[in-house]
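Structure first, commentary second.
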Amino acid sequence: MGRSEFGVMTVRVRFAPSPTGHVHIGNIRAAIFNWLFARHRGGEFLLRVEDTDLERSTDEAKETLREAMAWLKLDIDGEVMHQSQRRTAHLAAAGELEASGAAYALPSEAGKGAAVCFRMPWMADVYEPVGPAHLTVHPDVPVTISHAGVQYAMVSKKGKPVEESGCLAGFKGLRLFDADDHCLYDLGAQPDTVLAGKAEFTVEHVVRMEFERRQVVFEDLIKGRMTKPLDGIKDLVIVRSSGAPVFHLANVCDDAVQEITHIVRGDDHVENTFRHVLLFAALGHTPPVYAHLPMIVNAQGKPYSKRDGDAYVGDFKARGFDPDALFNYLTLLGWAPGDDREKLSREDLVSIFTLERVRSAPSQMDLKKLAHMNGLYLAELPLETFMASARTELAKHDWGREVDEKLFREVCALLQSRTQLYPDVAVWKYFFSDELEYDPKGVRKFLQKEGVVQMLTALRQRLADVDFEENAVESLIHEIERENEIKEGKLNQPIRVAVTATPIGAGLYETMVLLGRERVLTRLDYAIANLCDREEQSSP
RNA sequence: GCCCCCUUCGUCUAUCGGCUAGGACACCGGGUUCUCAUCCCGGAAAGAGGGGUUCGAUUCCCCUAGGGGGUGCCA
């Protein structure tokens with residue numbers, strides 16, 4: 001089982017999504033943790049597409065799955081397994097279980113075949129005794145005992161019968177009593193005839209049952225020691241009456257043939273695990289080590305559902321997130337390195353990631369924090385990389401489709417460090433288009449002030465002659481400020497609003513130079529004529 | 001109903017019996033800067049509640065509450 005030549009177990013993990021619809025953020029987080037674990041341990045990360053549900057599985061979903069994984073750089077080892085192609089092997093396994101008596105056929109319904117059910121074995125390594133159990137039973141509902149399990153009714157608080165059932169193995173030493181405390185039934189220590197399906201019992205007027213409770217135990221790397229009483233576990237349908245293998249069978253068989261050593265999956269599978277470990281054993285395999293990841297919940301603290309449209313991996317790409325930033329952020333959901341580091345490279349993460357440090361409480365996404373982290377990542381992207389994404393984003397605007405390459409590059413270089421999300425580049429419009437929408441607050445605050453029009457006019461006239469580069473432009477502006485006896489820098493914001501239509505942006509002198517003399521002069525003219533308060537037509 | 005699991009600032013988290021409970025995002029103040037962002041400094045903000053165990057509990061145990069998962073011939 002995946003042993004290297006040194007006798008050290010080689011880790012083999014898998015990501016096993018079912019390709020029905022888009023890849024969910026919770027799914028991809030499971031993929032990320034599997035990948036990190038595999039890379040940390042120098043093991044292998046496999047992909048298994050669980051496409052047995054032919055009705056709902058689509059090629060498109062498979063495609064978006066591969067896209068999402070490629071985008072997040074989750075490289076896989078070995079061949080991709082398609083579960084639908086393993087149907088014969090799954091059915092063969094079911095046949096073996098049935099032949100050995102580990103599984104049994106359910107009574108077939110009219111017109112259908114017989115479903116196959118895996119019986120929780122009578123004895124197993126993972127069972128441990130927990131002592132005697134005494135249950136109160138509702139006398140109106142008869143107790144039935146068969147190789148398929150025990151059915152009975154408990155008594156609700158209101159005295160109503162509540163139907164319950166469990167596997168036969170859960171009721172070792174079962175004894176049933178009536179109201180007079182007579183023992184009506186005794187399963188005995190060795191219920192061979194019942195197990196063999198040679199005897200079934202229906203017992204009436206039972207008020208009390210006793211048995212030796214046992215529980216199933218497995219060790220979870222994240223949640224610790226997990227236990228569940230066997231009498232609360234039911235036998236498991238592994239083949240439908242239609243003849244199709246059920247998820248549980250397929251999943252366990254494939255994990256066995258792929259020699260998976262660790263199963264890292266969502267919390268929602270813990271209940272399955274109690275039965276899967278027994279299925280592994282019945283199939284002649286040692287169960288893998290399990291690690292159940294906590295769920296990711298939405299901003300309302302509720303589990304993500306189809307309604308939370310923003311939970312698909314593809315949407316994060318579309319909304320301008322960087323894959324490395326998302327990767328890093330997701331890594332911090334339910335896991336932390338143990339110190340104060342948060343921004344961690346892939347290499348760092350691979351070297352320090354352990355499943356033992358995963359928390360077991362659900363965590364919710366914080367888009368603000370993700371955006372912040374995205375800004376950190378965008379700021380340090382190589383210019384070319386940033387430009388490529390920015391160009392794609394710009395092309396979503398009609399003014400951004402055909403831009404001057406040289407100008408585009410310079411704008412990117414200037415504004416990259418102030419971009420948090422790619423859609424933010426929409427504010428760059430003033431560099432590429434002359435159709436400006438002036439920020440009304442900016443206009444009011446900076447242009448419609450006394451004296452501004454004169455200073456802008458002076459600036460406009462003398463700008464025509466000056467060398468159009470940063471230092472010269474800055475000196476000229478300062479000159480005008482001195483002449484008008486205002487503080488150095490005071491004129492910057494009025495100029496900014498006049499030439500960029502917004503009060504926020506990068507350094508003004510650089511911005512002006514990038515805009516170019518012609519545009520700056522035209523816009524100053526426009527502002528002087530249309531946006532500033534003119535003295536002669538000042539308010540009543 | 002029953003079973004399994006979870007519970008530290010609004011959010012993500014640190015803490016593995018000694019805590020003036022640390023960090024990050026968001027928020028609020030101040031500084032730097034021509035604006036914004038960055039950056040720097042500061043502030044407000046948490047152990048669900050109740051019982052134990054202990055010299056000492058956020059840390060261990062129990063109960064309650066709240067939340068999640070499961071209870072399919074779905075995966």
Side-chain angles (χ1 to χ4, degrees), chain A residues 16-18 20 50 52-53 55-57 106 109 112-117 154-158 160 162-166 220 222-224 226-229 231-234 236-248 250-251 266-274 292 294-295 297 299 301-303 329 332-343 357 359-373 375-376 379 415 417-420 424 427 442 445-446 474 477-478 481 487-497 500 502-509 511:
Chain A
S18 50
T20 58
E50 302 213 329
T52 49
D53 189 343
E55 304 274 302
R56 295 196 296 144
S57 298
L106 247 27
E109 291 169 33
K112 285 186 174 176
V116 180
C117 212
M154 299 210 304
V155 183
S156 75
K157 280 174 190 160
K158 292 176 181 172
K160 304 275 187 193
V162 181
E163 304 270 356
E164 290 288 345
S165 69
D220 190 288
I222 294 167
K223 292 177 168 297
M226 304 288 286
T227 64
K228 186 178 173 97
D231 51 299
I233 296 177
K234 292 175 189 172
L236 189 57
V237 173
I238 52 175
V239 180
R240 289 187 252 280
S241 51
S242 68
V246 167
F247 157 76
H248 304 284
N251 190 258
D267 230 346
D268 48 337
H269 281 294
V270 284
E271 296 288 326
N272 293 333
T273 304
F274 290 109
H292 287 100
M295 298 278 145
V297 296
K302 296 291 177 190
Y329 177 75
L332 264 17
L333 242 38
W335 177 88
D339 49 42
D340 288 337
R341 287 178 295 172
E342 291 198 329
K343 187 160 178 294
R357 286 205 61 84
R359 291 187 24 115
S360 69
S363 39
Q364 48 174 280
M365 295 275 291
D366 180 352
L367 272 336
K368 292 255 184 64
K369 184 158 182 170
L370 207 209
H372 174 261
M373 184 162 275
L376 300 181
L415 265 6
S417 67
R418 341 165 77 94
T419 306
Q420 199 170 61
D424 294 351
V427 304
K445 185 169 177 191
F446 297 111
E474 179 172 3
I477 291 172
H478 288 164
E481 285 165 339
K487 211 176 140 211
E488 207 167 79
K490 266 291 190 191
L491 194 50
N492 282 17
Q493 281 305 87
I495 299 170
R496 180 188 298 282
V497 174
T500 71
T502 161
I504 61 179
L508 179 65
Y509 319 122
T511 301

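Numbers restart at 1 for each chain; the letters A, B, ... are given by sequence-line order, proteins then strands.
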Can you tell which of [options] lies closest to the side chain of [X]?
{"X": "A/K228", "options": "B/C74, B/C4, B/G1", "value": "B/C4"}
{"X": "A/E50", "options": "B/A14, B/A75, B/C73", "value": "B/A75"}
{"X": "A/R357", "options": "B/A75, B/A14, B/G23", "value": "B/A14"}
{"X": "A/D366", "options": "B/C6, B/G10, B/C3", "value": "B/G10"}
{"X": "A/K302", "options": "B/A14, B/G68, B/G23", "value": "B/G68"}
{"X": "A/D268", "options": "B/A14, B/U35, B/G70", "value": "B/G70"}
{"X": "A/A336", "options": "B/U13, B/G23, B/C4", "value": "B/U13"}

(request) Under the side chain to side chain contact (heavy atoms under 4.5 Å, CB included) rule, what do A/K368 and A/H372 come out as? Steps first, then yes or no, please. (result) CA-CA 6 Å; A/K368 292 255 184 64; A/H372 174 261; over 6 Å; no
Tell me which nucleotide, if any, is Watson-Crick or G-U wobble paired with [N] when both distances must be under 3.5 Å.
{"N": "B/U8", "value": "none"}
{"N": "B/C2", "value": "B/G70"}
{"N": "B/G29", "value": "B/C41"}

(request) Between A/R240 and A/W335, just flag the one whose closest nucleotide in RNA chain B comes earlier from the 5' side. (result)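 With A/R240 and A/W335 compared, the 5'-side residue is A/W335.
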(message) Reading RNA chain B from 5' onward, which residue's closest nucleotide shows up sooner: A/G113 or A/G334?
(response)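 By nearest-heavy-atom nucleotide position, the 5'-most residue is A/G334.
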For [N] versus [M], give the span between their [atom1] atoms, rounded off to a whole number of Å.
{"N": "B/A45", "M": "B/A21", "atom1": "C1'", "result": "13 Å"}
{"N": "B/G70", "M": "B/U11", "atom1": "C1'", "result": "28 Å"}
{"N": "B/G47", "M": "B/C9", "atom1": "P", "result": "7 Å"}
{"N": "B/C63", "M": "B/C5", "atom1": "P", "result": "12 Å"}
{"N": "B/A46", "M": "B/U8", "atom1": "P", "result": "14 Å"}
{"N": "B/A37", "M": "B/A57", "atom1": "C1'", "result": "45 Å"}
{"N": "B/U20", "M": "B/U35", "atom1": "P", "result": "43 Å"}
{"N": "B/C55", "M": "B/G50", "atom1": "P", "result": "23 Å"}

Check the distance between [N]'s [atom2] and [X]'s [atom1] and give it to me in whole angstrom.
{"X": "A/M373", "N": "B/C12", "atom1": "CE", "atom2": "C1'", "answer": "10 Å"}
{"X": "A/L333", "N": "B/A14", "atom1": "CG", "atom2": "P", "answer": "12 Å"}
{"X": "A/R341", "N": "B/G23", "atom1": "CZ", "atom2": "P", "answer": "17 Å"}
{"X": "A/D339", "N": "B/A14", "atom1": "CG", "atom2": "P", "answer": "11 Å"}
{"X": "A/D220", "N": "B/C5", "atom1": "CG", "atom2": "C1'", "answer": "10 Å"}
{"X": "A/D424", "N": "B/A37", "atom1": "CG", "atom2": "P", "answer": "13 Å"}
{"X": "A/L332", "N": "B/C25", "atom1": "CG", "atom2": "P", "answer": "12 Å"}
{"X": "A/Q364", "N": "B/U11", "atom1": "CD", "atom2": "P", "answer": "6 Å"}

(message) Using side-chain heavy atoms (C-beta onward) and a distance below 4.5 Å, is A/E164 in contact with A/D231?
(response)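 A/E164 does not reach A/D231 side chain to side chain.
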(message) I want to check something: taking the side chain as every heavy atom from C-beta on, are A/D53 and A/F247 in contact at a cut-off of under 4.5 Å?
(response)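 No, their side chains stay 4.5 Å or more apart.
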Has the side chain of [X] got a donor or acceptor that lies under 3.5 Å from a partner of the other kind on the base of [N]?
{"X": "A/S242", "N": "B/C73", "answer": "no"}
{"X": "A/N272", "N": "B/A75", "answer": "yes"}
{"X": "A/R496", "N": "B/C34", "answer": "yes"}
{"X": "A/K369", "N": "B/A24", "answer": "yes"}

Contact class for [X] (heavy atom, under 4.0 Å): base, sugar-phosphate, or nothing?
{"X": "A/T502", "result": "nothing"}
{"X": "A/E164", "result": "base"}
{"X": "A/A115", "result": "base"}
{"X": "A/A379", "result": "nothing"}
{"X": "A/G266", "result": "nothing"}
{"X": "A/S417", "result": "nothing"}
{"X": "A/K157", "result": "nothing"}
{"X": "A/G232", "result": "nothing"}
{"X": "A/V246", "result": "sugar-phosphate"}

(message) Can you tell me if A/H269 is stacked onto the base of B/G70, using a 5.5 Å centroid cut-off and an angle below 30°?
(response)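 Taking the rule of under 5.5 Å and under 30°, the ring of A/H269 does not stack on B/G70.
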Between [N] and [X], is there an OP1 or OP2 to side-chain N/O distance shorter than 4.0 Å?
{"X": "A/R359", "N": "B/C16", "answer": "no"}
{"X": "A/K234", "N": "B/G72", "answer": "yes"}
{"X": "A/S363", "N": "B/U13", "answer": "yes"}

(request) Using modelled atom types only, decide if a donor and an acceptor are shared between the side chain of A/E481 and the backbone of A/L491 within a distance under 3.5 Å. (result)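 Such a contact is found between A/E481 side chain and A/L491 backbone.
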(request) Please confirm whether the backbone N or O of A/K158 pairs with a side-chain atom of A/S156, one donor and one acceptor, at under 3.5 Å? (result)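 Looks like yes, one N/O pair under 3.5 Å.
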(request) Would you give the length of the straight line joining atom CZ of A/R240 to atom CG of A/L106, rounded to the nearest 0.5 angstrom? (result)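 The distance works out to 13.5 Å.
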(message) Measuring from atom CZ of A/R496 to atom OG1 of A/T502, what distance do you get when rounded to the nearest 0.5 angstrom?
(response)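 Separation between the atoms: 8.0 Å.
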(request) Might you point out which heavy atoms bring A/Y329 and A/D366 nearest each other, and give the distance in Å? (result)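 In terms of heavy atoms, the two residues are closest at OH-N, 2.7 Å.
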(request) Locate the shortest heavy-atom distance separating A/R56 from A/T20; write the atom from each residue and the value. (result)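 So the minimum-distance heavy-atom pair works out to O-CG2, 3.4 Å.
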